[in-house]
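The figures that follow rest on heavy atoms only: side chains count, while hydrogens, waters and symmetry mates do not.
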Number of protein chains: 2
Amino acid sequence: MTVWDRPEPSPRPAPLDRERIVAAAVALADEGGLEAVSLRKVAARLGAGPMRLYGYIATKEELFDLMVDEVYAEILPEGRPGDWREALRVLAERTRLAALRHEWLADLLGGRPALGPNALAVSEATLAALDGLADVDTAMRAVETVGAYYIGAIRREIANLRAERATGLSESDWQRARGPHVTGMLATGRFPALAKFVHEGTEVDAGTSFATGLEWILDAVAAKLARPPA
Amino acid sequence: MTVWDRPEPSPRPAPLDRERIVAAAVALADEGGLEAVSLRKVAARLGAGPMRLYGYIATKEELFDLMVDEVYAEILPEGRPGDWREALRVLAERTRLAALRHEWLADLLGGRPALGPNALAVSEATLAALDGLADVDTAMRAVETVGAYYIGAIRREIANLRAERATGLSESDWQRARGPHVTGMLATGRFPALAKFVHEGTEVDAGTSFATGLEWILDAVAAKLARPPA
DNA sequence: CTCATGTCGATACACTGTATTTGCGCAATA
DNA sequence: TATTGCGCAAATACAGTGTATCGACATGAG
């Protein structure tokens, strides 16, 4: 070996901290989904060996937790909300938009308790908007109910989106989007009610359907907040 | 080799069909969670080589879909429901109970469209209970809203359950269950509203909290069904 | 009896998360 | 200055994964 083909004077191990690791993992997941995130690839993107990461994270699960909390930073609203209803609505909508930017979030949402600093900040802001409006238990139930709704709704929306993408970008028409298998099932006549809904139902875009269900639930919450439980 | 140490006269490859494969996979998942399901282990439990499975399923994802549909068979209610409200409530509760029996279901619920025969039968039964009560779009929104709720709620319940199990079976008290990390965060005073809710909130068991939120949502649905949209 | 066929099992490959061992540069000491 | 120890980065190792490919064998047809 001569001086010419000698490797770079020194790979000079880049400093590397949790933030950079998480950022690399998020980038990888944004590009190729959660399954594209491997410790080797994350490390490679930072010019390091895989084992290097274990100085900053204990396990891959922990990395996922950190990724989720990173996104919670995007979810946290910047200004004070007008009232509790707007606070809950904005929380739901911002979470949805974050999931559309980072589809892998749908795979993780609700999968384990979100206890990172940003997630806690989001909880804090949300609960603050409900403070004093009702007893704590009712308020807690309100937050949890709305949260359950938008997590489920977001998961389904992303799942449908992927399914449509997989079955050749066909329009959101159920029948041909879901492939001939379901069409055949419906044609058997064993699912008359389902068939009726599929045929007579109007196509609505995911965003308004999300918002509509959300308003229903906010109405329900409003009713309970107005009239505290016995 | 003599006649003595010859292997069993013939391993006689067991017939093997989708049902047996799915049953083995479900058993494995019930025992050790989804991550304990590997094609090798499923095949081993059936006395076959891993590659044998590919004659019946195309991919591991498909096996997961079949597992989910298998559980939908348990979810399908046996009798006709009294009314739409009972139908939706029973659907939600039965799904929850199924997830408590098969915790791995929480990891899969909402992750991809459920289109197996049993899932379709459940949809059929549910939609049939709503038939004629409102225009199809409102009814569809009702089913989807309730579905989003219970999927999200079930996911969170199972996630909390696992977290409690992991942090040494401590009681459901937030503070010590969540470990000292969160306790420390709350002590910083940066999350006053959150701290207040944690301290003043009453402990309610998961089942009633699920049911309460569900009733709220059913109330909301009732209001919309009574008064079809403009 | 020979040959074709189709199915089952073994092998192979690329990859995963993580434990363990190795090597090297720097700091402090003699 | 020479040496020793130490801490950290890297390499290697391991047990496992999903799945493609290939080889053998058993069975049915001519």
Review item, nucleotides 15-19 of chain C N/O atoms under 3.5 Å of protein N/O:
{"residue": "C:dT16", "atom": "OP1", "partner": "A:Ser38", "partner atom": "OG", "Å": "3.0"}
{"residue": "C:dG17", "atom": "OP1", "partner": "A:Leu39", "partner atom": "N", "Å": "3.3"}
{"residue": "C:dG17", "atom": "OP1", "partner": "A:Lys60", "partner atom": "NZ", "Å": "2.7"}
{"residue": "C:dG17", "atom": "OP2", "partner": "A:Leu39", "partner atom": "N", "Å": "3.0"}
{"residue": "C:dG17", "atom": "N7", "partner": "A:Arg40", "partner atom": "NH1", "Å": "2.4"}
{"residue": "C:dG17", "atom": "O6", "partner": "A:Arg40", "partner atom": "NH2", "Å": "3.0"}
{"residue": "C:dT18", "atom": "OP1", "partner": "A:Thr59", "partner atom": "OG1", "Å": "3.0"}
{"residue": "C:dT18", "atom": "OP2", "partner": "A:Tyr54", "partner atom": "OH", "Å": "2.7"}
{"residue": "C:dT18", "atom": "OP2", "partner": "A:Lys60", "partner atom": "N", "Å": "3.2"}
{"residue": "C:dT18", "atom": "O5'", "partner": "A:Tyr54", "partner atom": "OH", "Å": "2.9"}
{"residue": "C:dT18", "atom": "O4", "partner": "A:Arg40", "partner atom": "NH2", "Å": "3.4"}

| said: Less than 4.0 angstrom from a charged side-chain N to a carboxylate O is my criterion; do A:Glu31 and A:Lys41 meet it? | reply: no
| Are B:Arg18 and B:Glu70 ion-paired here, with the side-chain N under 4.0 Å from a carboxylate O? |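 The answer is no: the pair does not qualify as a salt bridge.
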| request: Give the minimum heavy-atom separation between A:Thr126 and A:Leu91, together with the two atoms involved. | output: OG1-CD2, 3.6 Å
| query | What's the shortest heavy-atom distance between A:Leu39 and A:Tyr54, and which atoms? | reply | CD1-OH, 3.1 Å
| message | If you apply the rule side-chain contact (heavy atoms from CB on, under 4.5 Å), what do you find for A:Arg101 with A:Leu97, and how did you get there? | response | CA-CA 6 Å; A:Arg101 280 191 301 269; A:Leu97 292 177; 4.2 Å; yes
| message | Would you say B:Arg52 places a side-chain N or O within less than 4.0 Å of OP1 or OP2 belonging to C:dG9? | response | yes
